[in-house]
Every structure is written in structure tokens, then in C-alpha cells.
Engineer: 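If you scroll down you'll find the structure; I have some questions about it.
Just so you know, these numbers come straight off a predicted model, no measurement behind them. We name chains A, B, ... by the order of the sequence lines, and we start the count at 1 in each one.
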Protein chains: 2
Amino acid sequence: MTLTHAFPADESALDQAFDRLGTRITVARDEEVYAQDDEADRFYRVMSGVVRTSRLTADGRRQVGDFYYAGEVFGLEPGPDHRFAAEALTECEIQVVRRSAVRAFAGDVEVDRAILEATRVEMERLQEHVMLLGRKGARERVAGFLMGLAQRQPEDHVDLPMGRQDMADYLGLTIETVSRMLTQLQGEAIVAFPSTRRFHIRKWGALEALAA
Amino acid sequence: MTLTHAFPADESALDQAFDRLGTRITVARDEEVYAQDDEADRFYRVMSGVVRTSRLTADGRRQVGDFYYAGEVFGLEPGPDHRFAAEALTECEIQVVRRSAVRAFAGDVEVDRAILEATRVEMERLQEHVMLLGRKGARERVAGFLMGLAQRQPEDHVDLPMGRQDMADYLGLTIETVSRMLTQLQGEAIVAFPSTRRFHIRKWGALEALAA
DNA sequence: ATTTACCCTTGAGGCGGATCAAAGCGCCCC
DNA sequence: GGGGCGCTTTGATCCGCCTCAAGGGTAAAT
């Protein structure tokens, strides 16, 4: 099954720019969209598939920044170059536009507003991520992560497009701890895993309480 | 000594709006500038003193978001209300403007650009914070924190306007661990603390290597 | 259907940071 | 200058997560 969310009906200047100027590219599983420290002169929008951003420290530790689903914009970065790399988690279709082209197309006013909006969404996620990493134990982190996925994909059964290692690197844990916590949550009948890459929430209240 | 940095010579629309429309307020030590979940309809600029943002979870754990020094803008939030509260760490002078007033004054174009710029700075800090919390041990976190302060205040001796508890809540550690790490770094002659609220870097290389 | 390879799970043990407790230390107030 | 209070440091112990090490599962390739 592919995750294809409907795009908002009222399109922002940025969305319109994607529609009209966007180059559509296909990126194979585990291929890079852009590398860490590449110049950040483009915007990207996921059409299908899931994208992961990540950053490697000098000594090889990896931190996953976030996951982007169909309809979501990524590649917004505060500085002139990418502090996080972007890779296709699954095979992806992605639209790309040069920042300068977007400006020329829509004029600075509308574009700035749209970019600001997208940046805000990004900031909100970063704030949430800081809360997750700063003051939460492993159980709570994993619970929070599952909650987040479930909210983005409000179906009865939720897909996990990422493997355990990606979850771990997002949550600042090891793969073993993630696995143990999942087993634990399942043991308590809070969630159920019909397969490793798919789950179902059985006790929303309990999960919410943990994710707090 | 008060930390008063020179403001940039080329003023952005936001800076100009602060200069012309800003209401100057004084906030006493430990007083709130705005509360968590307050409506976010104003921008703030620190004139003197240091401001801290923080968020309390339901069960009482505190995460410090960031510290803001003279010249820095805060109160930018992704959503309609503040997810983090802001408090004066020291006695502060702060300029405040309504967002709507800024818009009316400078027109949306310039303002959006300036806000976008400020938001980018904010995002960069959040990314750094995520890296700090996600994949670093206590030593590295503390080292990174000291490095950050030293870069903002590039004098021989750096002031610590915040207490150990604030450092701990920023770093996702306990006050005891922070204290131990400081003692440790001092023991290795990487830094020196002439007093609890003031330090000096003796081995930049070593500290940088840790902060990586 | 069988093989193989990769990912995920499970187990045992160690370590880093939290917790609990008490003793400095600086600072303000008298 | 003395006393008291809050912050910081230090110590001892505990617990949670990491590390190391095997064992499963699962899914694709043959």
C-alpha cells in the first residue's frame, strides 16, 4: 500500500510553484536526495513514499531529524547549506524547485509567507523533538513516536515505513531498547503488531498518557 | 557586569519596528514575560539581561528551550500560542511590539522577510539542541553548552547568567550530573571556574573535540 | 520448497547518569 | 562579623539503558 494523502484544496504560493515549476524526480530506496553540507538552494515536496533526514556526527553517530510523508515539504534549512541529509526511506516521487525560480514565479511576498508557514511547521516539529529527547524515558519516547505516526495516518492500522534502526536514531536510543519497549507495550496490550512494519493502537488513553 | 552587545548596523524591518513601535518593559528576575499557552501575538527583543524559555510537562518535568541575550529576538512561535514560557533570568529590559503593529508599520513584505530570518536563527538553534540531546553523553553536552556560551560572548572570561538547575534542564540532565561534569572538566584543566558563575576556557581544542 | 541474508528480538552483564543524602560555600541580612 | 538560607558540590547506591552476544523471523533469491 502507498501512502498518498490528499493535498490541501487552497494551495499556497509554494504549492502552486511546485505544481507549475516542479521537476518530478524518482528516488530509489536508500538513495540520497541531498547530502549533508550540500548547498540548500531548492525546495522539495514528497509526492509519494517517505523521506528521512539525518545527520552524522564526526565520530559516526547518527541522528535522524524527521520523516516526511506525501504532501509535506522538506529541504527548508536555516543556513545556506543542509545540516541534515535527506534520503528516500522507500521509493519516492519528489517534486523539486529552485528557490530562485519560486521567487521569480510568485514574487517575494507570497513566497516568503508560504516559506514562513512551512518553516513554522518545521519548527513545531523540532520543538516537539526537543521535548521528546530532553525529558523522557525510553518507554515514553517510543510511545510518543507511535502516537505521532498514528496522528499523521489516522487509520485503524498504521504502517511503519522505517526500520527499527531509524526509529532508534530518531529517538536517541539503541535498536535493542526500541525493540524491547515495543515488546513491552505489546505485552501490556497497549498496541498490537500484526507484523514488524504495521501496528494498531488498542489503548489510546494509555498510549497518550505515556506520550504526554 | 551587564551583557550589552552592539546591535547590527544594518537594521532589518523587524529591528526598525522595535525601535519605533516597541514598548520598553522591565522585568524583574524570575518574573514571567509570557506564560506557556499564552497567545503568541507579540515579538520581543532583549535590550539587557538574559531571558530563558521553558516548558513544563504535565507531570512537572521542565525542559529549558533556550537562553536569549541582548539584541536577540524571542517569542517567535510556530503556532497561535506559546508552547514555551519566557522568564527573565536576570533583571531585563525588553522591547515588545504587537505582531499586527509590525505588519501595519512596515508592510508585509519586509516584515515577513525579517521574521523569516529570525525564525531561521531559531530553527538552527533547535537543530543544534536536538543533536545535543539525541546522541551525546553528559560530558559532551556540558562541554557543548560551555562552547556555545563562549561563542556568544567571546571574552576571556565568560559569565554564566543561569544557575546549575537551568543548565541541567536545558541539557536534559540532573543538577548533580552537571556539577560533576563541570568539576571533571575543571580537573582536566580544560576549563577553570574562578567562581560558580564565571568560567574561562583553558584548552579550546579539547573542549571543541568534546562538543563535536 | 529451500536457502540465505538481513533485520528483529531476546538474554546477560556492565556502565553512565539518576536518586537519595549530607556536607560545603557564598551571599544576603542582620 | 555572625548567622542563616539557598545553591552547589560531593558521596553512595540504584536503576535504566547500552553493549555484547546469540538466537529467531521474514522475505527475497534460487
Engineer: If I take atom CZ in residue Phe199(B) and atom P in nucleotide dT8(D), what distance separates them, rounded to the nearest angstrom?
Structural biologist: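 In whole Å, dT8(D) P lies 15 Å from Phe199(B) CZ.
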
Engineer: Please report the distance, rounded to the nearest Å, between CE in Met162(B) and C1' in dG6(D).
Structural biologist: 19 Å

Engineer: Could you check how far CZ of Arg139(A) sits from C1' of dC18(D), rounded to whole Å?
Structural biologist: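 Spelled out: CZ on Arg139(A) to C1' on dC18(D) is 19 Å.
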
Engineer: Return whichever of Thr196(A) or Gly172(A) has its heavy-atom-nearest nucleotide of DNA chain D closer to the 5' end.
Structural biologist: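 The answer here is Gly172(A).
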
Engineer: In this structure, how many angstroms lie between the C1' atom of dG17(C) and the CG atom of Leu133(B), rounded?
Structural biologist: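 That distance rounds to 15 Å.
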
Engineer: Does Leu133(A) reach the side chain of Arg141(A), with side-chain heavy atoms less than 4.5 Å apart?
Structural biologist: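 Yes, close enough: below the 4.5 Å cut-off.
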
Engineer: Quick one: do Asp41(A) and Arg98(A) make a salt bridge, cutoff under 4.0 Å?
Structural biologist: yes

Engineer: Leu160(B) has an atom CG; how far is it from atom P of dC7(D), in whole Å?
Structural biologist: 16 Å

Engineer: Which of residues 54-67 of chain A have a heavy atom under 4.0 Å from DNA chain C?
Structural biologist: none

Engineer: Below the 4.0 Å mark, does dG17(C) have OP1 or OP2 next to a side-chain nitrogen or oxygen of Thr177(B)?
Structural biologist: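 Checking dG17(C) against Thr177(B), no side-chain N or O comes under 4.0 Å of OP1 or OP2.
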
Engineer: Salt-bridge test for Lys136(B) and Asp59(A): reply yes if a basic N is under 4.0 Å from a carboxylate O, no otherwise.
Structural biologist: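 Judged by the 4.0 Å cut-off on N to carboxylate O distance, Lys136(B) and Asp59(A) do not form a salt bridge.
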
Engineer: Within the structure shown, what part of the strands sits under 4.0 Å from Arg197(A) by heavy-atom distance: base, sugar-phosphate, or nothing?
Structural biologist: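 Answer is sugar-phosphate: Arg197(A) comes under 4.0 Å of backbone atoms only.
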
Engineer: Just the rounded figure in Å: distance from C1' of dC18(D) to CD1 of Ile175(A).
Structural biologist: 13 Å

Engineer: With the side chain of Leu173(A) defined as its heavy atoms from C-beta on, choose the nearest nucleotide among dC17(D), dT9(D), dC8(C).
Structural biologist: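 Nearest nucleotide to the side chain: dC17(D).
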
Engineer: Quick one: Asp166(B) CG to dC7(D) P, roughly how many Å, whole number?
Structural biologist: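 After rounding, the gap between these two atoms is 10 Å.
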
Engineer: To the nearest Å, how far apart are Glu140(A) CD and dG16(D) P?
Structural biologist: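 The answer, rounded to whole Å, is 12 Å.
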
Engineer: Charged N to carboxylate O under 4.0 angstrom, Asp19(B) versus Arg45(B)?
Structural biologist: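 Result for this pair is yes, salt bridge flagged.
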
Engineer: Measuring from the side chain of Glu176(A) (C-beta onward, heavy atoms only), which nucleotide among dG11(C), dC17(D), dG17(C) has the closest atom?
Structural biologist: dG11(C)

Engineer: Tyr170(B) vs Phe67(B) aromatic rings, parallel, tilted or perpendicular, using cut-offs 30° and 60°?
Structural biologist: tilted

Engineer: Of the residues in residues 180-194 of chain B, which ones touch DNA chain D at a heavy-atom distance under 4.0 Å?
Structural biologist: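 Those residues are Arg180(B), Thr183(B).
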
Engineer: Hey, which of these two, Arg135(A) or Gln165(A), hits DNA chain C nearer its 5' end, going by closest nucleotide?
Structural biologist: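 Nearer the 5' end of the strand: Gln165(A).
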
Engineer: Would you mind telling me which residue lines up with the more 5' stretch of DNA chain D, Lys136(A) or Arg164(B), judged by nearest nucleotide?
Structural biologist: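 With Lys136(A) and Arg164(B) compared, the 5'-side residue is Arg164(B).
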
Engineer: Taking the side chain as every heavy atom from C-beta outward, state whether Met162(A) and Val64(A) have any pair of such atoms under 4.5 Å apart.
Structural biologist: no

Engineer: State plainly whether the residues Arg152(A) and Asp159(A) are in salt-bridge range, i.e. N to O under 4.0 Å.
Structural biologist: no

Engineer: I want to check something: taking the side chain as every heavy atom from C-beta on, are Lys203(A) and Glu188(A) in contact at a cut-off of under 4.5 Å?
Structural biologist: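 When only atoms from C-beta onward are counted, Glu188(A) and Lys203(A) do not touch, as no gap falls below 4.5 Å.
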
Engineer: Out of Tyr34(A), Phe18(A), Tyr68(A), which one pairs with Tyr44(A) under the ring-ring contact (aromatic ring centres under 6.0 Å, His included) rule?
Structural biologist: Tyr34(A)

Engineer: I'd like to know if Glu87(A) and Arg52(A) make a salt bridge, using a cut-off of under 4.0 Å between side-chain N and carboxylate O.
Structural biologist: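 Salt bridge: yes.
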
